[in-house]
Asker: 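There's a structure below that I have some questions on.
This one's a predicted model, so the numbers in the text were calculated from it and none came from an experiment. Protein chains get the first letters and strands the later ones, always in sequence-line order, with residue 1 at the start of each.
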Protein chains: 2
Amino acid sequence: MSDINHLASIAALLGDPARANILVALFDGRALTAKELAYAAHVTPQTASGHLGKLFEGGLLTMEKQGRHRYFRLASASVAQMLESIMAVTDTQPPRPWRGGEGLRNARTCYDHLAGRLGVALASFLMDAGHLVLSSDGGEVSASGLAFLRDFGAEPGPSKRVFCRPCLDWSERRPHLAGRVGAALACRCFDLGWIRRQRDTRALAVTAEGRVGFQARFGFDASFGQ
Amino acid sequence: MSDINHLASIAALLGDPARANILVALFDGRALTAKELAYAAHVTPQTASGHLGKLFEGGLLTMEKQGRHRYFRLASASVAQMLESIMAVTDTQPPRPWRGGEGLRNARTCYDHLAGRLGVALASFLMDAGHLVLSSDGGEVSASGLAFLRDFGAEPGPSKRVFCRPCLDWSERRPHLAGRVGAALACRCFDLGWIRRQRDTRALAVTAEGRVGFQARFGFDASFGQ
DNA sequence: GGAATGATGCGGCCAGCGCCGAAGCGTTAC
DNA sequence: GTAACGCTTCGGCGCTGGCCGCATCATTCC
């Protein structure tokens, strides 16, 4: 009883377009200020402030003050996964024409890991090389995969068995690599300067070093025909 | 742009208490009539009809006419997973006192698999016996586990590698067994008559045969102290 | 055919909520 | 100190949307 109302109240928070825009803007895991989020949601700062208060109250966001700025970010990975699962539903629906930018299709972040053609290409390479097994239900990194990741500088952690969470890509409709392994891989690619975030979009830019690096290490052309 | 509005519209569908009640009532995968759902949502049939129309229009439900009845069920497993992930968020939040029935804590269905103490106990047995490895990120059935399941009559499918999706239990806070394997296991337990659905609740009843069977096969007491 | 039942359509009521303008508070910059 | 900036609170407007009573249609039972 009470928890169903709680479910509904959480969902109602996501149900307003302005708040949905705010959450999606934060979906890549960054922390943004109230003003930036107001811009992202296409509302005035006052209105955004109200929404942010509700989202914070609802436990979906965390906030930290820094001088006269307030930085907001998603409260946890489970919030990101919730957004992900809703996007999965919006996508399994009538094949509505996708009018988003081509940049988002190529490469984007999905909270803490990589998605789009880049994410799928990475996962494909690892699978083809026998480093990874992935299905819709789960996945696992092999011994050779663990060595490969370690050599690449993306050690996923100390646990003996390294499972991964697959994440169905809404643009490519193929699973890509999420979970600890996906996060470590994405983090390393940022560190190497292979990919860079862009302003005002979740789309990622593959740098010149990145194109060379992905070709050399992972054997695919990260320009995706551009 | 357009897909964010779509996300918001889906979330708005879940954001109304009456619709949330309808979806949760359908969460165990059964098909229910419009009247039953009106009762579950605590609204009149007219109101429920409106809600069902919206949910159907939004692609969250499927409907089939049978005589003068209309049976509704969740449109897909991805809808169930969406609900699951929202429940996960509602639960990772302030440790609000749980006022639900004790029956639900013991055994319930989670769309197509088993949850509650029963679900966790099953997963624990399989893990202790070396039949299953499960973490928060993923899981896998071992060769011995595959043989065990086959012998039990719950063959999960022909694929060489059998991964499982873990599902964080909101009452036990431990992962239990979802995905194809979880569904096959639950299905077999129903077939054997070990568990039975109850009216007007997602809670399951463990039958006398079930208590004997779970004790013999899985080595735990399925009465859970009752 | 007639009555009962399940489901839907319509009209009207009303609460709730999103929105912005104006004003207030706190911090930073000069 | 003064000004600029970021953010929040308050108040009022306007509209969406949930709810039910009543009526209608379709199906089944007798």
Asker: Taking CG from B:L37 and P from C:dG6, how many angstroms apart are they, rounded to a whole number?
Answerer: 14 Å
Asker: Any idea which of C:dG6, D:dC20, D:dT8 is nearest the B:K35 side chain?
Answerer: C:dG6
Asker: May I ask you to evaluate whether A:S49 reaches the phosphate of D:dC7, defined as a side-chain N or O under 4.0 Å from OP1 or OP2?
Answerer: no
Asker: Separation of A:L52 atom CG from D:dG6 atom C1', in whole Å?
Answerer: 13 Å
Asker: Set out, line by line, the N/O atom pairs under 3.5 Å between protein and nucleotides 21-25 of chain D.
Answerer:
unit_1	atom_1	unit_2	atom_2	d
D:dG21	N7	B:Q46	NE2	2.8
D:dC22	N4	B:Q46	NE2	3.2

Asker: Here's a test of your reading of the structure: between B:A18 and A:G50, which maps to the more 5' nucleotide of DNA chain D?
Answerer: A:G50
Asker: Just report the end-to-end axis angle for the helix from C:dG1-D:dC30 to C:dC30-D:dG1, five pairs per end, to 10 degrees.
Answerer: 30°
Asker: Assign each of A:K54 and B:T33 to its nearest nucleotide of DNA chain C by heavy atoms, then name whichever residue's nucleotide is nearer the 5' end.
Answerer: B:T33
Asker: For the residue pair A:V162 and A:L149, establish whether any side-chain heavy-atom pair is separated by less than 4.5 Å.
Answerer: no
Asker: Is it true that atom CZ of A:R196 has more than 12 heavy atoms of other residues, nucleotides or ligands lying nearer than 6.0 Å?
Answerer: no
Asker: OP1 or OP2 of C:dG18 sitting under 4.0 Å from any side-chain N/O of A:R19?
Answerer: yes
Asker: Could you check, using the six-membered ring where one of them is a Trp, whether A:F152 and A:F218 have ring centers closer than 6.0 angstrom?
Answerer: yes
Asker: Flag yes if more than 12 heavy atoms outside A:R217 fall under 6.0 Å of its CZ atom; otherwise flag no.
Answerer: yes
Asker: Just the rounded figure in Å: distance from C1' of C:dG16 to CG of B:D16.
Answerer: 12 Å
Asker: How long is the straight-line distance from CZ of A:F27 back to CG of A:D112, given to the nearest 0.5 Å?
Answerer: 9.0 Å
Asker: Expressed in angstrom and rounded to an integer, what is the separation of B:Q66 atom CD from D:dA26 atom P?
Answerer: 20 Å
Asker: Round to the nearest Å and state the distance from A:H69 atom NE2 to D:dA4 atom P.
Answerer: 17 Å
Asker: Is there a side-chain contact between B:M87 and B:V24 in this structure, where contact means two heavy atoms from C-beta onward sitting under 4.5 Å apart?
Answerer: yes
Asker: Rounded to the nearest angstrom, tell me the gap between atom CD1 in B:I22 and atom C1' in C:dA7.
Answerer: 13 Å
Asker: Using a distance-only test with no angle check, is there a side-chain donor-acceptor pair under 3.5 angstrom linking B:S223 and B:D221?
Answerer: yes
Asker: For the pair A:R165 and A:E84, find out whether any cationic side-chain nitrogen is under 4.0 Å from an anionic carboxylate oxygen.
Answerer: yes
Asker: Check whether any side-chain nitrogen or oxygen of A:H51 sits under 4.0 Å from OP1 or OP2 of C:dC19, and answer yes or no.
Answerer: yes
Asker: From C-beta outward on A:R68, which listed nucleotide comes closest to its side chain: D:dC19, C:dA7, D:dG6?
Answerer: D:dG6
Asker: What's the NZ-C1' distance between B:K65 and C:dA7, to the nearest Å?
Answerer: 10 Å
Asker: Can you figure out which of C:dC20, D:dT8, C:dT8 approaches the side chain of A:V43 most closely?
Answerer: C:dC20
Asker: So does A:H69 get a backbone contact from the side chain of A:T33, meaning a donor-acceptor N/O pair under 3.5 Å?
Answerer: no
Asker: Could you tell me if the side chain of B:Y39 sits less than 4.5 Å from the side chain of B:L32, heavy atoms only?
Answerer: no
Asker: Could you state the atom-to-atom distance from CG of B:L55 to C1' of C:dT8 in whole Å?
Answerer: 16 Å
